[in-house]
*Asks:* 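One structure is given below, represented as structure tokens, and several questions about it will come after.
Every chain is numbered from 1 and lettered A, B, ... according to where its sequence line falls, protein lines coming before strand lines.
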Amino acid sequence: MSATAQPEVVTRFAPSPTGFLHIGNARTGLFSWLYARHHGGRALLRIEDTDAARSTQEAIDVILDGLRWLGVDWDGHEYYQSQFHARHAEVAHELVAHGHAYRCFMSAEELAAGREKAQAERRPYRVESPWRDGAPAREGPFVVRLKAPREGETVIDDLVQGRVTVQNAELDDMVLLRSDGTPTYMLAVVVDDHDMGVTHVIRGDDHLNNAFRQLAIVKAMGWPEPVYAHVPLIHGFDGAKLSKRHGALGVDAYRDELGILPEALFNYLLRLGWGHGDDEVISKAQAIEWFDLAQVGKSPSRFDIKKLENLNGHYIREADDGRLAGLIAPRTGKLIGRDLATAEIELLVRAMPELKPRAKNLNELAENSTFLFRTRPLDFDEKATQLLAGDSPRLLARAWSALYALDEWSALATEAAVRSTAEAAGVKLGQVAQPLRAALTGRATSPGIFDVLVLLGRDESLARIADRMDGAE
RNA sequence: GGCCCCAUCGUCUAGCGGUCCAGGACGUCGCCCUUUCACGGCGAAAACACGGGUUCGAGUCCCGUUGGGGUCACCA
């Protein structure tokens, strides 16, 4: 694989299928992918589908689609945690056999009582199972618990968090196998990461505390310790972990509902919590070249939709006209109440150079394109109606005549005609151009009016003007 | 509450002991361009949480305070 003697880097992204790809998880996945790509290693994907109820194929597809759309791929096939349950149990039993874990027969009531007592005495609760020290087995259901170390301390040299130390007395004997024999997440991740050959565990820092307990399993099994990197979570406007409460959306919503381009979200997520000097606009190739965990900040960052949209506007301006037309055609169609014909999509492509500097998301882009396809008589919004009052119908009639007389229908020619109309009428250009805009588009804002004239074509333009001009002239 | 982590403009960040009366970007506010709205250009306001150390010298190192966050399941 790699020609150098460097040990291979294997990262993994392990989302659980909850029905959507949380923006924070997407960033963590992006970081883990970038780390692997930067180091020429492998990026793996594992679906944590242990919770069978939530793990529908549909929920899984949402994640896979979201990642692909973002431009994050993975090496080999995706892994499904649920397929390894037998192996997880096998490891648990091996741990028991070697005295690193034990069968605990404590009932839920006993556990609850202990927890309450600890609470009452205002001291932290730690499971004290008599079976840890070999009490005789009892009848009934049992779980398998890890015999966690109680002396000394555990140190993790985290690539993002630095050296973190925890007293082993803080760790307790966590459940490895439930009473129904199924593995807990704690056991499953450790076993899967080991079996998949994961060298770098890059995940959200909400797992930092778990890392110490998981490391206990790794050590008990005598497996090589992975390198950990716990990246800070994304927070909402109030500084708390981003969640539904903040209206946190899945990646698909940014694509479908907010009209965000994948390269914009990629760039935004990359810059959130990571920086490379003063660089703001960063391509995927540059990201792979520059990215490293060392520059990832330790403090959580807040999600700012304004900056995302600014970046989105940038990428819209850079995007290919045909691509944009294809992306907004369905949206424009929805706005005007019918599908766009092929010729109309071609018109959209031609209009795109004028349309795209004026939009920061695909919805705006679509909205701004509707004037091209509206049928007469146009509907006029309030501002347009105002522009069409007073002297405007008279001015429009004069403009109509000048335009009608044109041999050539171009931006240059129409501009000359409209300018001379204004001059002849003794008014400023704007006094003719604004009513013209209103008559042509139904709105008070639009692309340059001479471009609009050309895009609409001679017949449609003259007809729209005629609709609003003073017929007496 | 215990444990762990964090702390530069409103937000994302640059800064890795002196070149910082702190730089860039978004946002905000002006001005320019201009037929509107954008784009673009120019400019402005805006931050090293606080207190002790260490040092000739601290945004940069150490300690504490305050503030914020994360985590404490037979959930993942």
*Asks:* Does the side chain of Arg398(A) pick up a donor-acceptor pair with the side chain of Thr421(A) at under 3.5 Å?
*Replies:*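 No.
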*Asks:* With respect to the side chain of Ala433(A), which nucleotide from rA76(B), rU35(B), rC74(B) is positioned closest?
*Replies:*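 Nearest nucleotide to the side chain: rU35(B).
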*Asks:* With a 4.0 Å cut-off on heavy atoms, is Asp172(A) in touch with a base, just the backbone sugar-phosphate, or nothing at all?
*Replies:*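 The answer is nothing, as Asp172(A) stays clear of every strand by at least 4.0 Å.
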*Asks:* Mind checking if Arg419(A) touches a base, just sugar-phosphate, or nothing, with heavy atoms under 4.0 Å?
*Replies:*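 Contact class for Arg419(A): sugar-phosphate only.
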*Asks:* Under a 3.5 Å cut-off for both distances, is rC72(B) Watson-Crick or wobble paired, and to whom?
*Replies:*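 WC or wobble partner is rG1(B).
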*Asks:* Classify the ring geometry of His88(A) against Phe84(A): parallel below 30°, tilted from 30° to 60°, perpendicular beyond 60°.
*Replies:*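 Judged by the thresholds at 30° and 60°, the geometry between His88(A) and Phe84(A) is perpendicular.
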*Asks:* Among Phe291(A), Phe266(A), Trp274(A), Phe13(A), which residue meets the ring pair (Phe, Tyr, Trp, His ring centres under 6.0 Å) test with Phe31(A)?
*Replies:*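 Of Phe291(A), Phe266(A), Trp274(A), Phe13(A), ring pair (Phe, Tyr, Trp, His ring centres under 6.0 Å) with Phe31(A) is met by Phe291(A) alone.
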*Asks:* For the side chain of Tyr185(A), counting heavy atoms from C-beta on, which of rA76(B), rC6(B), rC74(B) is nearest?
*Replies:*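 Of all the options, the side chain of Tyr185(A) is nearest to rA76(B).
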*Asks:* Can you tell me how far P in rA47(B) sits from the matching atom in rG40(B), rounded to whole Å?
*Replies:*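 Comparing P positions in rA47(B) and rG40(B) gives a spacing of 26 Å.
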*Asks:* Please state the C1' separation for the pair rC72(B) and rC20(B) - nearest whole angstrom.
*Replies:*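 It comes out at 42 Å once rounded to the nearest Å.
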*Asks:* Any base atoms under 4.0 Å from Ser446(A), or only sugar-phosphate, or nothing? Heavy atoms, all strands.
*Replies:*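 Touches a base.
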*Asks:* Using a cut-off of 4.0 Å on non-hydrogen atoms, how would the nucleic acid contact of Pro447(A) be classed: base, sugar-phosphate, or nothing?
*Replies:*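 Counting heavy atoms under 4.0 Å across all strands, the contact made by Pro447(A) includes a base.
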*Asks:* Looking only at the side chains, is there a donor atom on one of Asn267(A) and Tyr315(A) sitting less than 3.5 Å from an acceptor on the other?
*Replies:*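 Checked: Asn267(A)/Tyr315(A) side chains pair up, N/O donor to acceptor below 3.5 Å.
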*Asks:* Quick one: are Leu335(A) and Phe373(A) in side-chain contact, heavy atoms under 4.5 Å?
*Replies:*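 They are not in side-chain contact.
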*Asks:* Tell me the partner of rG67(B), counting only Watson-Crick (N1-N3 plus N6-O4 or O6-N4) or G-U wobble (N1-O2 and O6-N3) with both under 3.5 Å; none if nothing fits.
*Replies:*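 Partner of rG67(B): rC6(B).
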*Asks:* Looking across every strand, which nucleic acid part, if any, lies under 4.0 Å from Val143(A) by heavy atom: base, sugar-phosphate, or nothing?
*Replies:*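 Base, at least one base atom sits under 4.0 Å.
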*Asks:* Can you check whether any acceptor in the base of rC12(B) is under 3.5 Å from a donor in the side chain of Ser301(A), or vice versa?
*Replies:*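 No, the side chain and the base share no sub-3.5 Å donor-acceptor pair.
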*Asks:* Quick one: which of rC12(B), rC5(B), rU36(B) gets closest to the side chain of Arg271(A)?
*Replies:*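 Out of rC12(B), rC5(B), rU36(B), the nucleotide with an atom closest to Arg271(A)'s side chain is rC12(B).
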*Asks:* Can you tell which of rU13(B), rU71(B), rG27(B) lies closest to the side chain of Asp206(A)?
*Replies:*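 Given the options rU13(B), rU71(B), rG27(B), the side chain of Asp206(A) is closest to rU71(B).
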*Asks:* Which nucleotide, rG70(B), rA38(B), rG23(B), lies nearest any side-chain atom of Asp278(A)?
*Replies:*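 The listed nucleotide nearest to Asp278(A)'s side chain is rG23(B).
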*Asks:* Using Watson-Crick or G-U wobble geometry with both distances under 3.5 Å, which nucleotide pairs with rG30(B)?
*Replies:*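 With both distances under 3.5 Å, rG30(B) matches rC42(B).
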*Asks:* Looking for any heavy atom pair under 4.0 Å, which part of the strands does Arg302(A) touch: base, sugar-phosphate only, or nothing?
*Replies:*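 Sugar-phosphate, backbone atoms only, no base.
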*Asks:* For Leu308(A) and Ser179(A), find the nucleotide of RNA chain B closest to each by heavy atoms; which residue's nucleotide sits nearer the 5' end?
*Replies:*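 Looking at the nearest nucleotide for each, Leu308(A) comes out on the 5' side.
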*Asks:* Grab the CG-C1' distance between Asp451(A) and rC39(B) for me, whole Å please.
*Replies:*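 The answer, rounded to whole Å, is 13 Å.
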*Asks:* Among rG70(B), rG24(B), rC74(B), which nucleotide has an atom closest to any side-chain atom of Thr184(A)?
*Replies:*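 Nearest to the side-chain atoms of Thr184(A), counting from C-beta on, is rC74(B).
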*Asks:* Answer with yes or no after comparing the ring centroid distance for Tyr102(A) and Phe142(A) against a 6.0 Å cut-off, counting only values under it.
*Replies:*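 No.
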*Asks:* Please state whether the phosphate of rG27(B), meaning OP1 or OP2, lies under 4.0 angstrom from any side-chain nitrogen or oxygen of Asn310(A).
*Replies:*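 Yes.
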*Asks:* Given that both distances must come in under 3.5 Å, which nucleotide forms a Watson-Crick or G-U wobble pair with rA58(B)?
*Replies:*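 WC or wobble partner does not exist here.
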*Asks:* Please work out if Met186(A) contacts a base, only the sugar-phosphate, or nothing of the nucleic acid, heavy-atom cut-off 4.0 Å.
*Replies:*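 Result for Met186(A) = base.
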*Asks:* Over how many whole Å does the gap from Leu187(A) atom CG to rA73(B) atom P extend?
*Replies:*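 My rounded result for the distance is 17 Å.
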*Asks:* With a 4.0 Å cut-off on heavy atoms, is Thr445(A) in touch with a base, just the backbone sugar-phosphate, or nothing at all?
*Replies:*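 The residue Thr445(A) makes base contact.
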*Asks:* To the side chain of Lys241(A), which of rG70(B), rU35(B), rC4(B) is closest?
*Replies:*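 When the side chain of Lys241(A) is considered, rG70(B) is the closest of rG70(B), rU35(B), rC4(B).
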*Asks:* Distance between the P atoms of rG41(B) and rC4(B), in whole angstroms?
*Replies:*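 Result for the P pair: 49 Å, nearest Å.
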*Asks:* Do Thr165(A) and Glu153(A) have a side chain donor and acceptor closer than 3.5 Å?
*Replies:*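 No, no side-chain donor-acceptor pair sits under 3.5 Å.
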*Asks:* Which whole-number value in Å describes the distance from Glu364(A) CD to rC39(B) P?
*Replies:*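 For the pair Glu364(A) CD and rC39(B) P, the rounded distance is 10 Å.
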*Asks:* Ignoring hydrogens and geometry beyond distance, is the side chain of Asp205(A) in donor-acceptor contact with the base of rG70(B) at under 3.5 Å?
*Replies:*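 It does not, because no donor-acceptor pair links the side chain of Asp205(A) to the base of rG70(B) below 3.5 Å.
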*Asks:* Name the closest nucleotide to the Lys307(A) side chain, picking from rG70(B), rG24(B), rC74(B).
*Replies:*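 For the Lys307(A) side chain, the nearest candidate turns out to be rG24(B).
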*Asks:* Is Arg317(A) side chain donor-acceptor paired with the rC39(B) base, going by distance under 3.5 Å alone?
*Replies:*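 Check fails, no donor-acceptor contact within cut-off.
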*Asks:* Return the nearest nucleotide to the side chain of Glu170(A); candidates are rC39(B), rG2(B), rG24(B).
*Replies:*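 Per side-chain heavy atoms of Glu170(A), the pick is rG2(B).
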*Asks:* So does Ser32(A) get a backbone contact from the side chain of Thr11(A), meaning a donor-acceptor N/O pair under 3.5 Å?
*Replies:*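 Indeed, once roles are kept as given, a pair shorter than 3.5 Å links the two residues.
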*Asks:* Which whole number of Å gives the distance between the C1' atom of rA7(B) and that of rU65(B)?
*Replies:*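 Roughly 13 Å separates the two C1' atoms.
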*Asks:* So what does Thr18(A) hit on the nucleic acid, given a heavy-atom distance under 4.0 Å: a base, only sugar-phosphate, or nothing?
*Replies:*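 The residue Thr18(A) makes no contact with any strand.
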*Asks:* What distance, rounded to whole Å, do you find between the two C1' atoms, one in rG70(B) and one in rA76(B)?
*Replies:*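 rG70(B) and rA76(B) have their C1' atoms separated by 16 Å.
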*Asks:* Check every strand shown and say whether His235(A) touches a base, only sugar-phosphate, or nothing at a heavy-atom separation below 4.0 Å.
*Replies:*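 Answer is sugar-phosphate: His235(A) comes under 4.0 Å of backbone atoms only.
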*Asks:* Would you kindly compare Glu280(A) and Pro300(A) by the position of their nearest RNA chain B nucleotide and give the one closer to the 5′ end?
*Replies:*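 Whichever sits nearer the 5' end wins; that is Pro300(A).
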*Asks:* Atom CG of Asp173(A) to atom P of rA73(B): distance rounded to whole Å?
*Replies:*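 The distance from CG of Asp173(A) to P of rA73(B) comes to 13 Å, rounded to the nearest Å.
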*Asks:* Could you state the atom-to-atom distance from OH of Tyr268(A) to P of rA25(B) in whole Å?
*Replies:*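 Rounded to the whole Å, the gap is 17 Å.
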*Asks:* Using atom CZ of Arg437(A) as one end and atom P of rA38(B) as the other, report the distance to the nearest whole Å.
*Replies:*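 About 12 Å, once rounded to whole Å.
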*Asks:* Base, sugar-phosphate or nothing for Phe212(A)? Non-hydrogen atoms, less than 4.0 Å.
*Replies:*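 Contact class for Phe212(A): none.
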*Asks:* To the nearest angstrom, how far is Leu311(A) atom CG from rC12(B) atom P?
*Replies:*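 Rounded to the whole Å, the gap is 15 Å.
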*Asks:* With both distances under 3.5 angstrom, what nucleotide forms a Watson-Crick or G-U wobble pair with rU11(B)?
*Replies:*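 rU11(B) is paired, partner rA25(B).
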*Asks:* Rounded to whole angstrom, note down the P distance from rU11(B) over to rG68(B).
*Replies:*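 So the two P atoms sit 14 Å from each other.
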*Asks:* May I have the distance from Leu272(A) (atom CG) to rC26(B) (atom P), rounded to whole angstrom?
*Replies:*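 Going from CG in Leu272(A) over to P in rC26(B) covers 16 Å.
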*Asks:* How far does the P atom of rC12(B) sit from the matching atom of rC56(B), given to the nearest Å?
*Replies:*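 The answer is 37 Å between these two P atoms.
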*Asks:* Say you pick atom P in rG59(B) and the same atom in rU66(B); how far apart are they, in whole Å?
*Replies:*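 That atom pair is separated by 23 Å.
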*Asks:* Can you tell which of rG24(B), rC26(B), rU71(B) lies closest to the side chain of Asp304(A)?
*Replies:*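 Closest nucleotide among those given: rC26(B).
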*Asks:* For Gly204(A), answer base if it contacts any base atom (sugar-phosphate contacts may also be present), sugar-phosphate if it contacts only those atoms, and nothing otherwise; contact means non-hydrogen atoms under 4.0 Å.
*Replies:*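 Here Gly204(A) touches no strand at all.
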*Asks:* Testing the basics here: between Ala229(A) and Leu293(A), what is the closest heavy-atom pair and its distance to 0.1 Å?
*Replies:*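 In this case the closest contact between Ala229(A) and Leu293(A) is CB-CD2, 3.8 Å.
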*Asks:* Just do the side-chain contact (heavy atoms from CB on, under 4.5 Å) check on Asn210(A) and His230(A) with the steps written out, would you?
*Replies:* CA-CA 11 Å; Asn210(A) 289 337; His230(A) 290 92; over 6 Å; no
